[in-house]
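Since the structure is predicted, the reported quantities are computational estimates derived from the model, not experimental observations.
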Amino acid sequence: MMEIRSAACALLLLLGLFFMMVSVKGVIKFPDFFSRLHAIGLGQSLGMGFCCLGMFIYQGPNITGLKILMVLFVSMLAGPIGTHIVDRVAFREGLKKEEKDAERREA
(Lines give C-alpha, C1' and ligand atoms only; values in the text may rest on other atoms or scores of the structure.)
Protein backbone atom coordinates (compact mmCIF):
# COMPACT_ATOMS: atom_id res chain seq x y z
CA MET A 1 0.00 0.00 0.00
CA MET A 2 2.86 2.38 0.78
CA GLU A 3 4.36 1.84 -2.67
CA ILE A 4 1.15 2.94 -4.38
CA ARG A 5 0.97 6.04 -2.19
CA SER A 6 4.60 6.94 -2.93
CA ALA A 7 4.15 6.33 -6.65
CA ALA A 8 1.03 8.52 -6.76
CA CYS A 9 2.81 11.23 -4.78
CA ALA A 10 5.84 11.15 -7.09
CA LEU A 11 3.66 11.16 -10.20
CA LEU A 12 1.66 14.20 -9.05
CA LEU A 13 4.79 16.09 -7.99
CA LEU A 14 6.46 15.38 -11.33
CA LEU A 15 3.31 16.44 -13.16
CA GLY A 16 3.25 19.69 -11.20
CA LEU A 17 6.92 20.28 -11.96
CA PHE A 18 6.27 19.59 -15.64
CA PHE A 19 3.53 22.24 -15.81
CA MET A 20 5.73 24.77 -14.04
CA MET A 21 8.60 24.09 -16.46
CA VAL A 22 6.29 24.46 -19.46
CA SER A 23 5.13 27.75 -17.96
CA VAL A 24 8.72 29.00 -17.78
CA LYS A 25 9.26 28.00 -21.40
CA GLY A 26 6.10 29.92 -22.34
CA VAL A 27 7.33 33.03 -20.54
CA ILE A 28 10.58 32.90 -22.49
CA LYS A 29 9.04 32.00 -25.84
CA PHE A 30 5.80 34.03 -26.06
CA PRO A 31 6.01 37.41 -27.78
CA ASP A 32 3.93 39.77 -25.67
CA PHE A 33 2.98 40.53 -22.09
CA PHE A 34 -0.53 39.10 -22.22
CA SER A 35 0.57 35.76 -23.65
CA ARG A 36 3.30 35.50 -21.03
CA LEU A 37 0.84 36.33 -18.29
CA HIS A 38 -1.46 33.60 -19.58
CA ALA A 39 1.39 31.07 -19.44
CA ILE A 40 2.28 32.13 -15.90
CA GLY A 41 -1.32 31.88 -14.71
CA LEU A 42 -1.96 28.43 -16.12
CA GLY A 43 1.42 27.04 -15.12
CA GLN A 44 1.10 28.32 -11.58
CA SER A 45 -2.42 27.00 -11.13
CA LEU A 46 -1.79 23.57 -12.58
CA GLY A 47 1.69 23.20 -11.09
CA MET A 48 0.67 24.23 -7.59
CA GLY A 49 -2.48 22.14 -7.81
CA PHE A 50 -0.70 18.93 -8.71
CA CYS A 51 2.16 19.55 -6.27
CA CYS A 52 -0.21 20.22 -3.38
CA LEU A 53 -2.26 17.14 -4.20
CA GLY A 54 0.92 15.06 -4.28
CA MET A 55 2.02 16.42 -0.91
CA PHE A 56 -1.44 15.78 0.53
CA ILE A 57 -1.32 12.16 -0.60
CA TYR A 58 2.12 11.84 0.97
CA GLN A 59 1.00 13.36 4.29
CA GLY A 60 -2.41 11.74 4.48
CA PRO A 61 -5.50 13.10 6.21
CA ASN A 62 -3.88 14.66 9.27
CA ILE A 63 -3.43 18.27 10.40
CA THR A 64 -0.49 18.85 8.03
CA GLY A 65 -2.48 17.41 5.14
CA LEU A 66 -5.36 19.74 5.91
CA LYS A 67 -2.97 22.69 5.95
CA ILE A 68 -1.71 21.64 2.52
CA LEU A 69 -5.31 21.55 1.26
CA MET A 70 -5.86 25.04 2.65
CA VAL A 71 -2.76 26.27 0.79
CA LEU A 72 -4.14 24.63 -2.36
CA PHE A 73 -7.51 26.34 -1.89
CA VAL A 74 -5.98 29.77 -1.30
CA SER A 75 -3.60 29.31 -4.25
CA MET A 76 -6.43 28.29 -6.57
CA LEU A 77 -8.44 31.29 -5.44
CA ALA A 78 -5.74 33.97 -5.32
CA GLY A 79 -3.62 33.00 -8.34
CA PRO A 80 -6.18 33.54 -11.10
CA ILE A 81 -7.56 36.64 -9.38
CA GLY A 82 -4.08 38.16 -9.13
CA THR A 83 -3.32 37.33 -12.76
CA HIS A 84 -6.61 38.90 -13.84
CA ILE A 85 -5.91 42.06 -11.84
CA VAL A 86 -2.46 42.47 -13.39
CA ASP A 87 -3.96 41.84 -16.83
CA ARG A 88 -6.72 44.44 -16.36
CA VAL A 89 -4.31 47.06 -15.06
CA ALA A 90 -1.98 46.54 -18.03
CA PHE A 91 -4.91 46.74 -20.45
CA ARG A 92 -6.34 49.88 -18.85
CA GLU A 93 -2.93 51.54 -18.88
CA GLY A 94 -2.86 51.10 -22.64
CA LEU A 95 -0.48 48.17 -23.06
CA LYS A 96 -1.24 46.66 -26.46
CA LYS A 97 -0.30 43.38 -28.04
CA GLU A 98 3.00 43.72 -29.88
CA GLU A 99 2.07 43.55 -33.54
CA LYS A 100 5.67 43.40 -34.83
CA ASP A 101 6.38 40.12 -33.08
CA ALA A 102 3.07 38.64 -34.22
CA GLU A 103 3.76 39.60 -37.85
CA ARG A 104 7.31 38.26 -37.65
CA ARG A 105 6.07 34.87 -36.42
CA GLU A 106 3.52 34.61 -39.24
CA ALA A 107 6.06 35.39 -41.96
Side-chain angles (χ1 to χ4, degrees):
M1 186 65 173
M2 190 61 173
E3 294 84 23
I4 295 173
R5 180 189 237 179
S6 296
C9 172
L11 179 69
L12 287 170
L13 287 172
L14 287 173
L15 199 57
L17 181 65
F18 170 75
F19 281 112
M20 288 183 194
M21 298 282 282
V22 169
S23 173
V24 169
K25 182 174 167 81
V27 169
I28 294 169
K29 200 107 168 121
F30 285 152
D32 64 337
F33 176 77
F34 297 109
S35 298
R36 291 176 182 163
L37 194 62
H38 180 71
I40 291 170
L42 284 179
Q44 183 266 336
S45 295
L46 289 171
M48 279 289 293
F50 284 121
C51 285
C52 284
L53 285 176
M55 288 186 288
F56 175 74
I57 288 174
Y58 181 75
Q59 282 296 319
N62 56 19
I63 191 69
T64 306
L66 293 176
K67 289 177 185 178
I68 291 170
L69 285 181
M70 288 186 348
V71 167
L72 174 63
F73 177 72
V74 169
S75 173
M76 290 294 142
L77 190 64
I81 291 172
T83 304
H84 179 74
I85 290 170
V86 170
D87 187 30
R88 288 297 291 174
V89 167
F91 183 75
R92 285 186 181 174
E93 290 294 318
L95 186 63
K96 301 289 183 195
K97 184 175 178 179
E98 295 179 16
E99 297 297 329
K100 291 180 189 175
D101 289 337
E103 290 173 7
R104 192 179 326 145
R105 283 189 309 159
E106 290 174 3

Can you list every pair that meets side-chain hydrogen bond (donor to acceptor under 3.5 Å, both in side chains) and has a residue in [range], with sequence neighbours left out?
| range | answer |
| --- | --- |
| residues 47-56 | none |
| residues 63-72 | none |
| residues 8-28 | none |

| request: Would you mind listing the cluster partners of V27? Hydrophobic ones only (ILVMFWY), side-chain contacts under 4.5 Å, chaining allowed. | output: I40
| field | Apart from I28 itself, residues in the same hydrophobic cluster as defined by side-chain heavy atoms under 4.5 Å | value | V24
| Those residues that, when tested against Y58, pass ring-ring contact (aromatic ring centres under 6.0 Å, His included) (two or more places apart) | none
| request: Kindly write out the residues that satisfy ring-ring contact (aromatic ring centres under 6.0 Å, His included) with F19, not counting sequence neighbours, or none if the list is empty. | output: F50
| task | Look at the side-chain heavy atoms of Ile, Leu, Val, Met, Phe, Trp and Tyr, link any pair under 4.5 Å apart, and say whether V86 and F34 land in one connected group. | result | yes
| For the hydrophobic clusters of this structure (ILVMFWY residues joined by side-chain heavy atoms under 4.5 Å, transitively), does one cluster hold both F30 and M20? | no
In Å, rounded to the nearest 0.5 Å, how long is the span from [atom1] of [X] to [atom2] of [Y]?
| X | Y | atom1 | atom2 | value |
| --- | --- | --- | --- | --- |
| Q59 | C52 | CD | SG | 12.0 Å |
| F56 | I68 | CZ | CD1 | 8.0 Å |
| I4 | C9 | CD1 | SG | 14.0 Å |

| remark: Sequence neighbours excluded, the answer for side chain to side chain contact (heavy atoms under 4.5 Å, CB included) partners of R88 is H84, F91, R92
| said: Using the side chain to side chain donor-acceptor pair (under 3.5 Å) criterion, which residues pair with S35? Sequence neighbours excluded. | reply: D32
Please set out all donor-acceptor pairs under 3.5 angstrom arising from side-chain atoms of residues 10-18, sequence neighbours excluded.
none

Going by atom type alone, with no hydrogens or angles, which donor-acceptor pairs under 3.5 Å involve a side-chain atom of residues 70-81 and a protein atom two or more places apart or on another chain?
residue	atom	partner	partner atom	Å
S75	OG	Q44	NE2	3.1

